Q: 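I have a structure I would like to understand better, so I am pasting it below and will then ask my questions one at a time.
Since the structure is predicted, the reported quantities are computational estimates derived from the model, not experimental observations. These numbers come from the heavy atoms of this one structure, side chains and all, not from hydrogens, waters or symmetry mates. Numbers restart at 1 for each chain; the letters A, B, ... are given by sequence-line order, proteins then strands.
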Amino acid sequence: MDNKQLAEQLFPQLKYTLGGIQGLYPRRNLPSGAHVTRLGPSPTGFIHLGNLYGAFVDERLAHQSDGIFYLRIEDTDDKRLVAGAVDMIIDALDFFGIHFDEGASKTGDIGAYGPYAQSRRKEIYHAYVKQLIALGLAYPCFLTEDEIQEIHQYQEAEKANPGIYGIYAKHRDLSMDEIQHHLSQGHPYTIRLKSGGNHDLPQDQIRYIQVEDGIRGSLSMPENNQDVVILKANGMPTYHFAHVVDDHLMGTTHVIRGEEWLSSLPIHVELFEKLAFELPIYCHTAQLMKLDENGNKRKLSKRKDPELSLGYYKEQGYHPLAVREYLLTILNSNFEEWRLANPEKSSEEFPFTTEKMSSSGALFDMNKLNDVSKDTLAKIPANLLYDFLLNWASVYQPDAWATLKNAGPYVEKILDIGRKDEKPRKDLISASQIFDFIQYFFDDFFIIEEPLPPEVSSEDAAEILKSYGQTYDPTDNQSRWFEKVRTIAAELGYAVKPKDFKKNPDLYKGHVGHISTVIRLALVGRSQSPDLWEIQQILGKEKTLERIKKAAF
RNA sequence: GUCCCGUUGGUCAAGUGGUCAAGACGUCGCCCUCUCACGGCGGAUUCAGGGGUUCGACUCCCCUACGGGAUACCA
């Protein structure tokens, strides 16, 4: 018996021949320079900012080159399967404007290079495994878990590198008779790659592989020497094998993945070589980090950092465009510069490059997100902002939703306060913050939250509001309105200009700012707000007078 | 332990042998100003450490330290 017969025995009557498969996956007919990228999540359904970060690179690279971005579900580990995960992943990315052209979708596979779930590609992997066995490049391994453990312990004691390789790959050279014996006993087995690498050579003779990484430039690593498992005992491929076969067949040109894959790159390179596939361009992205309890940088973790799940940003009401902009600023170091020069352009016009990506992990910066968000929201028209706010409220703050729902034009006016000026206000960050920021416009949410300034007594406050109520005229323009406030100040012994008060604090009780603070407290309940005159224009005469009359300190 | 990747201010970073070492966020001060926000001006805070190479190193080489990752029939 030879390898070929063994292959036939192990994988009899496969659905596909290699030639047949090749015919099913023709080269993609795309314009030159088009990038084909993919996102390959395992279906746990959990997506966090780090995943979005990577997905963004895929999406940009594909779409700015008129290429294809597809979704492939990497479900080779049934322990990781969560029901409804695919929909969750698609929805989460969709919210942030990331759409797939091809692959798994809510209504099934789209595209001619499927199936797009690895669990449905078993026969395809088997065909390639069969070939490797026939060529003597892979072999069945009957090592039990205990035996492997033993080997590891021995290696640890000997200070040898762990793994199944060289002399530790005990089943790599089993005789056909021995294999038949195991088989006849019904021993479970995995298929391992028969690695061509040899690290027992003198240091200077170990072969190194050179790979040009799209982000990191040229990489040099020792070649793989591990007889890695390519097919598990249950017949499913491991990630390593599925990655190589799928990305080849599906025509992926650029493999974007986290840097945690860097150390298994030699395995993949060997697999590509053994299968005689062309190597795609790898882009190993830096991980998004966060600070742990001890002040150390740490990779974002699914379990430990629920606040970095995409759900968190949705819940807080960060606008997807803002998150996009922020991600772009940390993804490409020249994005901010470009944005400054092109304030009105869509971020899709930004020429994204992997060369401008950092190879070291960035710390997630909430301050920066907020700042970017302010700039972003300042450019979004009030009616769209209203829709966004309403949408958010319908899920996360139902009482606000009830209030906002029937007040469209009113809310739009509120959102537009000071935004159309030459130097527009930028105080809107996220939906939850926006609602908090404007809630005093609604009687149901209006309360006086802050006390009078110390310069103003309760009596004076009452006096101020009384005069104000008498002189208030909604038809006054802004400067006329403020003249009247100054008049009240003067009448009650307050300086008309803050500077006067600063120069001679003894001459006055306070200054005009204190007067308007009282009016502000009566109208909005806070000592800080946008321009009062504008607020009154929106509140309207009745509500303004009512609040002035009702206010008590 | 071994292997891989990384290290410019509090954060994100430009930089590729000769720069007073950009810029943004944050922070502090001032200006504008009825408050806030916006805007303007200015300050403080950086090349992890040590050796080389060189007329000259943030830039090139080596060592150390620190951080991250891998080391599965998980991805």
Q: Taking atom C1' of rC38(B) as reference, at what distance in whole Å does atom CD1 of Ile429(A) sit?
A: 13 Å

Q: Indicate, with a heavy-atom threshold strictly under 4.0 Å, whether Val229(A) touches base, sugar-phosphate, or nothing.
A: sugar-phosphate

Q: Measure the distance from OH on Tyr208(A) to P on rC4(B) and round it to the nearest whole Å.
A: 6 Å

Q: Just name whichever nucleotide pairs with rC32(B), Watson-Crick or G-U, keeping both distances under 3.5 Å, else none.
A: none

Q: Pick one: which of Met357(A), Lys356(A), Arg60(A) meets side-chain contact (heavy atoms from CB on, under 4.5 Å) with Leu331(A)?
A: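 It is Met357(A), the one option of Met357(A), Lys356(A), Arg60(A) that forms the side-chain contact (heavy atoms from CB on, under 4.5 Å) with Leu331(A).
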
Q: Could you work out which one of rU11(B), rC34(B), rA70(B) sits closest to the side chain of Leu363(A)?
A: rU11(B)

Q: Expressed in angstrom and rounded to an integer, what is the separation of Ile464(A) atom CD1 from rC34(B) atom C1'?
A: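 Spelled out: CD1 on Ile464(A) to C1' on rC34(B) is 12 Å.
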
Q: Closest to the Asn161(A) side chain: rU2(B), rA14(B), rC25(B)?
A: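 When the side chain of Asn161(A) is considered, rU2(B) is the closest of rU2(B), rA14(B), rC25(B).
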
Q: Separation of Leu340(A) atom CG from rA13(B) atom C1', in whole Å?
A: 15 Å

Q: What does His152(A) touch in the nucleic acid at a heavy-atom separation under 4.0 angstrom: a base, only the sugar-phosphate, or nothing?
A: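 Sugar-phosphate, backbone atoms only, no base.
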
Q: At under 4.0 Å between heavy atoms, what does Pro266(A) touch on the DNA or RNA strands: base, sugar-phosphate, or nothing?
A: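 Since no nucleic acid heavy atom lies under 4.0 Å of Pro266(A), the category is nothing.
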
Q: I need the minimum non-hydrogen distance between Lys509(A) and Asp460(A), along with the two atoms involved.
A: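 Taking every non-hydrogen atom into account, NZ-OD2, 3.0 Å.
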
Q: Can you work out whether His511(A) or Glu74(A) has the more 5'-proximal nearest nucleotide on RNA chain B?
A: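 Checking each residue's closest nucleotide, the 5'-ward one belongs to His511(A).
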
Q: OP1, OP2 of rG15(B) versus side-chain N and O of Lys356(A): anything below 4.0 Å?
A: yes

Q: Between rC62(B) and rC4(B), how many Å separate the two P atoms, rounded to a whole number?
A: 12 Å

Q: Distance check needed: rU71(B) C1' versus Leu265(A) CG, whole Å only.
A: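 Distance, rounded to whole Å: 15 Å.
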
Q: Using atom C1' in both nucleotides, what's the gap between rG9(B) and rG23(B) to the nearest angstrom?
A: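 Going atom to atom, C1' in each nucleotide, I get 13 Å.
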
Q: Would you kindly say whether Tyr326(A) and Arg324(A) are connected by a side-chain donor-acceptor distance under 3.5 Å?
A: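 On atom types as modelled, these side chains do not qualify, holding no pair under 3.5 Å.
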
Q: Examine the base of rC36(B) for any acceptor or donor lying under 3.5 Å from a partner atom in the side chain of Arg425(A), and report the outcome as yes or no.
A: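 For Arg425(A), whose side chain was compared with the base of rC36(B), there is a donor-acceptor pair (under 3.5 Å).
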
Q: Output yes when at least one side-chain N/O atom of Ser529(A) is less than 4.0 Å from OP1 or OP2 of rA37(B), else no.
A: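 No, outside the criterion.
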
Q: In whole Å, measure the gap between the C1' atoms of rG29(B) and rU8(B) for me.
A: 26 Å

Q: On RNA chain B, check which nucleotide each of Leu369(A) and Pro498(A) is closest to and give me the residue with the more 5' one.
A: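 Going by which nucleotide is closer to the 5' end, it is Leu369(A).
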
Q: Using the C1' atom as the reference point in each nucleotide, state the distance between rC61(B) and rU53(B) in Å, no decimals.
A: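 After rounding to an integer number of Å, I get 7 Å for this pair.
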
Q: Counting only Watson-Crick or G-U wobble pairs whose two distances fall under 3.5 Å, which nucleotide matches rC20(B)?
A: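 WC or wobble partner does not exist here.
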
Q: rA37(B) P sits how many Å from Asp436(A) CG, rounded?
A: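 Result: 15 Å.
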
Q: Could you tell me the separation between the NZ atom of Lys423(A) and the P atom of rC36(B), rounded to a whole number of Å?
A: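 Taking atom P of rC36(B) as the reference, NZ of Lys423(A) is at 16 Å.
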
Q: Around atom CD of Glu156(A), are there more than 12 heavy atoms of other residues, nucleotides or ligands at under 6.0 Å?
A: no

Q: Name the nucleic acid region contacted by Ile206(A), choosing base, sugar-phosphate or nothing; use a 4.0 angstrom heavy-atom cut-off, strictly under.
A: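 Here Ile206(A) touches no strand at all.
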
Q: Identify which nucleotide among rG68(B), rA70(B), rC34(B) has an atom closest to any side-chain atom of Glu259(A), counting heavy atoms from C-beta outward.
A: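 When the side chain of Glu259(A) is considered, rG68(B) is the closest of rG68(B), rA70(B), rC34(B).
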
Q: How far, in whole Å, is rU64(B) from rC5(B) if one measures between their P atoms?
A: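 My reading of the P atoms in rC5(B) and rU64(B) gives 15 Å.
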
Q: Can you check the distance between rG52(B) and rU71(B), where both ends of the measurement are the C1' atom (answer in whole Å)?
A: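 Each nucleotide's C1' atom is 34 Å from the other's.
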
Q: Using a distance-only test with no angle check, is there a side-chain donor-acceptor pair under 3.5 angstrom linking Gln149(A) and Asp146(A)?
A: no

Q: Under 4.0 Å, heavy atoms only, any strand: does Thr517(A) hit a base, just the sugar-phosphate, or nothing?
A: nothing

Q: Does rU2(B) have a Watson-Crick or wobble partner in any strand here, with both distances under 3.5 angstrom, and which is it?
A: rA70(B)

Q: Is Lys497(A) touching bases, backbone alone, or none of the nucleic acid, heavy atoms closer than 4.0 Å?
A: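 No contact.
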
Q: When you measure from the side-chain N and O atoms of Lys426(A) to the phosphate of rG39(B), is any distance below 4.0 Å, counting only OP1 and OP2?
A: yes

Q: May I ask you to evaluate whether Ser333(A) reaches the phosphate of rA14(B), defined as a side-chain N or O under 4.0 Å from OP1 or OP2?
A: yes

Q: Going by distance alone, is a donor N or O of one side chain under 3.5 Å from an acceptor N or O of the other, for Tyr139(A) and Asp227(A)?
A: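 The answer is yes; a qualifying pair exists.
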
Q: Looking at Lys499(A), I'd like to know whether one of its side-chain N or O atoms comes within less than 4.0 Å of OP1 or OP2 on rC32(B).
A: yes

Q: Does Arg216(A) make a side-chain N or O approach to OP1 or OP2 of rC4(B) shorter than 4.0 Å?
A: no

Q: Could you tell me whether the phosphate oxygens of rA72(B), OP1 or OP2, come under 4.0 Å of any side-chain nitrogen or oxygen in Lys232(A)?
A: no

Q: Confirm from the modelled atom types if Asp531(A) and rC34(B) form a donor-acceptor pair under 3.5 Å, side chain to base only.
A: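 A donor-acceptor contact between them is present.
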
Q: Ignoring the backbone of Trp261(A), work out which of rA13(B), rA75(B), rC34(B) is nearest its side chain.
A: rA75(B)

Q: Return the nucleotide paired to rA65(B): Watson-Crick means purine N1 to pyrimidine N3 with N6-O4 or O6-N4, wobble means G-U with N1-O2 and O6-N3, both under 3.5 Å.
A: rU7(B)

Q: Does any donor atom in the side chain of Ser527(A) or Glu450(A) lie under 3.5 Å from an acceptor atom in the other side chain?
A: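 Side-chain D/A pair, Ser527(A) to Glu450(A): present.
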
Q: Which part of the nucleic acid does Arg192(A) contact within heavy-atom distance under 4.0 Å: base, sugar-phosphate only, or nothing?
A: sugar-phosphate

Q: Between rA14(B) and rA24(B), how many Å separate the two C1' atoms, rounded to a whole number?
A: 11 Å

Q: Under 4.0 Å: is that the gap between some side-chain N or O of Ser527(A) and OP1 or OP2 of rC36(B)?
A: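 Checking Ser527(A) against rC36(B): no side-chain N or O falls below 4.0 Å of OP1 or OP2.
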
Q: Of the nucleotides rA37(B), rC34(B), rC74(B), which has the atom closest to the Asp77(A) side chain?
A: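 Comparing rA37(B), rC34(B), rC74(B) against the side chain of Asp77(A), the answer is rC74(B).
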
Q: Heavy-atom count check: over 12 atoms from other residues, nucleotides or ligands less than 6.0 Å from Glu145(A) CD?
A: no

Q: So what does Ser358(A) touch, heavy atoms closer than 4.0 Å: a base, only the sugar-phosphate, or nothing?
A: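 Result for Ser358(A) = sugar-phosphate.
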
Q: Side chain of Lys368(A): nearest nucleotide among rA75(B), rA13(B), rA24(B)?
A: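 Selected nucleotide: rA24(B).
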
Q: Remember a base hit wins even if backbone is also touched, and classify Pro162(A) as base, sugar-phosphate or nothing at under 4.0 Å, heavy atoms.
A: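 Here Pro162(A) touches the bases of the nucleic acid.
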
Q: Given the ring of Tyr440(A), does Arg526(A) sit roughly above its face, with NZ or CZ under 6.0 Å from the centre of the six-membered ring and within 45° of the axis?
A: no

Q: Tell me which nucleotide among rC34(B), rG6(B), rC25(B) gets nearest to the side chain of Ser360(A).
A: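 Selected nucleotide (nearest to the side chain): rG6(B).
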
Q: When rounded to the nearest Å, what value does the distance between C1' atoms of rC73(B) and rC58(B) take?
A: 47 Å

Q: I'd like to know if Ser516(A) reaches the base of rC34(B) with its side chain such that a donor and an acceptor end up less than 3.5 angstrom apart.
A: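 Yes, a donor-acceptor pair under 3.5 Å.
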
Q: Measure from CD1 on Ile230(A) to P on rA72(B) and round the result to the nearest Å.
A: 17 Å

Q: Kindly point out which of rC36(B), rA75(B), rC5(B) is positioned nearest to the side chain of Gln528(A)?
A: rC36(B)

Q: So, Asn225(A) and Ser195(A): side-chain donor and acceptor under 3.5 Å apart, yes or no?
A: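 On atom types as modelled, these side chains do not qualify, holding no pair under 3.5 Å.
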
